[in-house]
Amino acid sequence: MKRTISLLVVLCLASAAFAKKGDWVTIKNGDLWYDTEGKVVQAHGAGFLQVGDTWYMIGEDRSRSWNPDVNMYSSKDLQTWKFEGKIIENGVTHSDLGRSRFIERPKLMYCKKTKQFVVWCHWEGSNYGASEAGVFYADKVTGPYHFKAGERPLGIKSRDCNVFVDDDGTAWFISTIEENQHLGFFRLADDYLSAVECTQLFKRQAREAPAIVKVDGVYYMLSSACTGWEPNQCKLSWTRNLTEGWSQLENIGDRIAYDTQAASILTIKGTKTTTYLYVGDRWMDPDLPRSKTIIFPISFKDGKCDFTYREQFEINFKTGEWREKKM
Ligand code: DGJ
């Protein structure tokens, strides 16, 4: 009897230790990611959508360098990636795609009103002369995605882009407009399928790769300068109203954003706290197909952002906590 009880105690302790360890995931930067089939993950300029406890990631498939298809992966820990398929494919989703048009920076949203999944992206032609935005929609997160539009939103030349969905469901397409001069904040229609209004901000400041997150009622935006595939200084700006009052751009991190350019900011809401994860592209490392996706925790407070690179860290997706990982 005594032996059975002690065996049970040992088993309980062991399973508790295992559960605790199992809740912490190590995220390590600098290497290629592999999916559950052992193939290199190709999802550059990535956009994310959380559905329940699953993260869907879409991004540019740069395995052939140019004319990327859009791949989708799913994961519960941002480490184990299941390939869900090519949600937008050259010549298949649209006949111009892969010929006179290519996609960059695809971003994914869910429209509660229509119950549809909507992708906005940069829809481009040779020498970045088309300067258009692409819009696709689907009834299921994994597709099939249908082409809705490939055009200059409200007739405005638009390149690097991102999306932002506010707490009240209002969706925004934010892009570098008019030959990389300003940022356009395009408010989207209720179905997220078209732009209804554009506010020009950050005039003549030539910002691209914008990524916005809302923390305690304050909108924070990270963005880069326009230097092609070369990394440059990441800058922060914040406001309490998306279309006005943005603070002056302020340098954060090192001079080259730790060799990255912003793709997304993820909000990891747990039972104990909320952690914000920066997702950036380490382009041309050493070439386009082997560009890396880099993730590290960042924090925001009183108009400031702690933007400190971590080669690795641990995160608990249940509690939302993160902690340093000793090398
Ligand atoms: C920087 C942009 O952020 C990328 O998405 C891509 O358009 C490159 N420029 C092309 O040079």
message = Test of understanding: with ring-ring contact (aromatic ring centres under 6.0 Å, His included), list the residues that count as partners of Tyr219, not counting sequence neighbours.
response = Phe164
query = Given side chains that start at C-beta, do those of Tyr192 and Gln116 come closer than 4.5 Å, heavy atoms only?
reply = no
ask   = Under a 4.5 Å side-chain heavy-atom rule over Ile, Leu, Val, Met, Phe, Trp and Tyr, are Tyr137 and Leu188 clustered together?
value = yes
key: Lys/Arg N to Asp/Glu carboxylate O, Arg290 vs Asp285, below 4.0 Å   = no
query = Who pairs with Lys76 by side chain to side chain donor-acceptor pair (under 3.5 Å), at least two apart in sequence or on another chain?
reply = Asp53, Thr54
ask   = Rounded to the nearest 0.5 Å, how far does CD of Gln50 lie from OG of Ser74?
value = 12.5 Å
query = Is it true that Glu84 and Lys82 make a salt bridge, defined as a side-chain N closer than 4.0 Å to a carboxylate O?
reply = yes
query = Thr114 and Asp191: side chain to side chain donor-acceptor pair (under 3.5 Å), yes or no, with the steps?
reply = CA-CA 6 Å; Thr114 60; Asp191 59 8; over 6 Å; no
Can I get a per-line list of side-chain donor-acceptor pairs under 3.5 Å for residues 145-159, giving both atom names and the distance, sequence neighbours left out?
residue, atom, partner, partner atom, Å
Tyr145, OH, Val141, O, 2.6
Arg152, NE, Ala130, O, 2.9
Arg152, NH2, Gly129, O, 3.3
Arg152, NH2, Ala130, O, 3.2
Lys157, NZ, Glu179, OE2, 2.6
Ser158, OG, Ser175, OG, 2.7
Arg159, NE, Tyr128, O, 3.1
Arg159, NE, Ser131, OG, 3.2
Arg159, NH1, Asn180, OD1, 3.4
Arg159, NH2, Tyr128, O, 3.0
Arg159, NH2, Glu179, OE1, 2.8

ask   = Is there side-chain contact between Tyr220 and Val218, with at least one heavy-atom pair below 4.5 Å?
value = yes
key: Counterpart residues, salt bridge (charged side-chain N to carboxylate O under 4.0 Å, His left out), relative to Asp168 (two or more places apart)   = none
key: Least distance between heavy atoms, Pro68 atom then Ile103 atom   = CG-O, 3.1 Å
Scan the side chains in residues 264-275 for donor-acceptor partners under 3.5 Å anywhere in the protein, sequence neighbours excluded, and list what turns up.
residue, atom, partner, partner atom, Å
Ser264, OG, Ala46, O, 2.7
Thr271, OG1, Lys318, O, 3.4
Thr275, OG1, Gly320, O, 2.6

query = Is it true that Val51 and Phe136 fall in one hydrophobic cluster, defined by side-chain heavy atoms closer than 4.5 Å?
reply = yes
ask   = Is it true that Asp61 and Lys86 make a salt bridge, defined as a side-chain N closer than 4.0 Å to a carboxylate O?
value = yes
query = With a 4.0 Å cut-off, would you call Glu311 and Lys28 a salt bridge?
reply = no
message = Quick test of your reading: applying ring-ring contact (aromatic ring centres under 6.0 Å, His included), list the pairs with at least one residue in residues 196-216, sequence neighbours left out, ordered by first then second residue.
response = Phe202-Trp246
request  = Test Leu277 against Leu78 for side-chain contact (heavy atoms from CB on, under 4.5 Å), laying out the working first.
outcome  = CA-CA 11 Å; Leu277 294 180; Leu78 307 181; 3.6 Å; yes
query = Which ILVMFWY residues can you reach from Tyr34 by hopping between side chains whose heavy atoms are under 4.5 Å apart?
reply = Leu32, Val40
task = Please collect all side chain to side chain donor-acceptor pair (under 3.5 Å) contacts where either partner lies in residues 250-261, sequence neighbours excluded, each pair once.
result = Arg105-Gln261, Glu208-Gln261, Ser224-Gln261, Lys235-Asn251, Glu250-Lys304, Thr260-Tyr278, Gln261-Trp283
message = Under the rule for side chain to side chain donor-acceptor pair (under 3.5 Å), what residues qualify as partners of Asp306, not counting sequence neighbours?
response = Thr308
request  = Just jot down the salt bridge (charged side-chain N to carboxylate O under 4.0 Å, His left out) partners of Lys301, sequence neighbours excluded, or say none.
outcome  = none
query = Taking side chain as C-beta onward, heavy atoms only, is Trp33 less than 4.5 Å from Ile295?
reply = yes
ask   = Under a 4.5 Å cut-off applied to non-hydrogen side-chain atoms, are Asn232 and Ile256 in contact?
value = no
key: Residues in salt bridge (charged side-chain N to carboxylate O under 4.0 Å, His left out) contact with Asp302, at least two apart in sequence or another chain   = none
key: Side chain proximity check, Asn90 to Arg64, heavy atoms < 4.5 angstrom   = yes
ask   = Sequence neighbours excluded, which residues qualify as salt bridge (charged side-chain N to carboxylate O under 4.0 Å, His left out) partners of Asp166?
value = Lys214
key: Side chain proximity check, Cys198 to Phe185, heavy atoms < 4.5 angstrom   = no
inquiry  = Please verify the inter-ring angle class for Phe48 with Trp81; under 30° counts as parallel, over 60° as perpendicular, anything in between as tilted.
reply    = tilted
